[in-house]
Amino acid sequence: MSKKICFKIFIFTLIGIMTSFIIKFSPVTSVVSNIFSEMCGLYLSISAVVLSFLIKKNRRYWLTIFGIALIAAIALEFIVGSGNIISIAIIYKILAFVVYAFLARLIIFMW
């Protein structure tokens, strides 16, 4: 992914999220609110940022990030959470991990 595409994805996503909050489109706002609440977790945020900086030269960066996010979300659900694998919280943890990885990638590109 190039710098230009990464920045365009960031801008269009930001515009979409802001628009959905302005017009109060609840399917998007509830998902975004849940993802943001999962992003407040210390273990998830530190692991996502550190791992995204460690594998920044990886050829299959996004595939690796999704795999690590799945493993991290399941591990955090067992260690910190309720231990229920079949939970919507795991999906929100995975998405929060990917958002942190995308923001770290954006910072790498802007550096």
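We're numbering straight along the sequence, starting at 1.
Here Leu14 contributes atom CG and Phe10 contributes atom CZ; the two are 5.0 Å apart, rounded to the nearest 0.5 Å. Interatomic distance, NZ of Lys8 versus CD1 of Ile5, reported as 7.5 Å (0.5 Å rounding). Atom CD of Glu38 is separated from atom CG of Leu95 by 10.0 Å, given to the nearest 0.5 angstrom. Interatomic distance, Ile91 CD1 to Asn34 CG, rounded to the nearest 0.5 Å: 11.0 Å. Annotation: the span from Ser52 atom OG to Asn58 atom CG amounts to 12.0 Å, rounded to 0.5 Å. Note that CD1 of Ile9 and CG of Leu106 are 10.0 Å apart. Values are rounded to the nearest 0.5 Å.
When hydrophobic clusters are built by joining Ile, Leu, Val, Met, Phe, Trp and Tyr residues whose side-chain heavy atoms come closer than 4.5 Å, directly or via intermediates, Phe21 is grouped together with Ile11. Hydrophobic clustering (ILVMFWY, side-chain heavy atoms < 4.5 Å, transitive): Ile15 and Ile23 are in one cluster. Met39 and Ile71 end up in different hydrophobic clusters when Ile, Leu, Val, Met, Phe, Trp and Tyr side chains are linked at under 4.5 Å. Cluster annotation: Met18 is connected to Leu103 through the hydrophobic network of ILVMFWY side chains, with a link wherever side-chain heavy atoms come within less than 4.5 Å. When the side chains of ILVMFWY residues are joined at heavy-atom separations under 4.5 Å, either directly or via intervening members, Phe109 and Tyr61 end up in two distinct hydrophobic clusters.
The two residues Ser47 and Phe97 have their closest heavy-atom pair at OG-CE1, 3.7 Å. Closest approach of Cys6 and Phe102 over heavy atoms only: O-CZ, 3.3 Å.
Between the side chain of Arg105 and the backbone N or O of Lys56 there is at least one donor-acceptor pair closer than 3.5 Å.
Using a 4.5 Å heavy-atom threshold, the side chains of Thr19 and Val28 count as separate.
When the shell of 6.0 Å around CZ of Phe66 is examined, it contains 12 or fewer heavy atoms from other residues, nucleotides or ligands.
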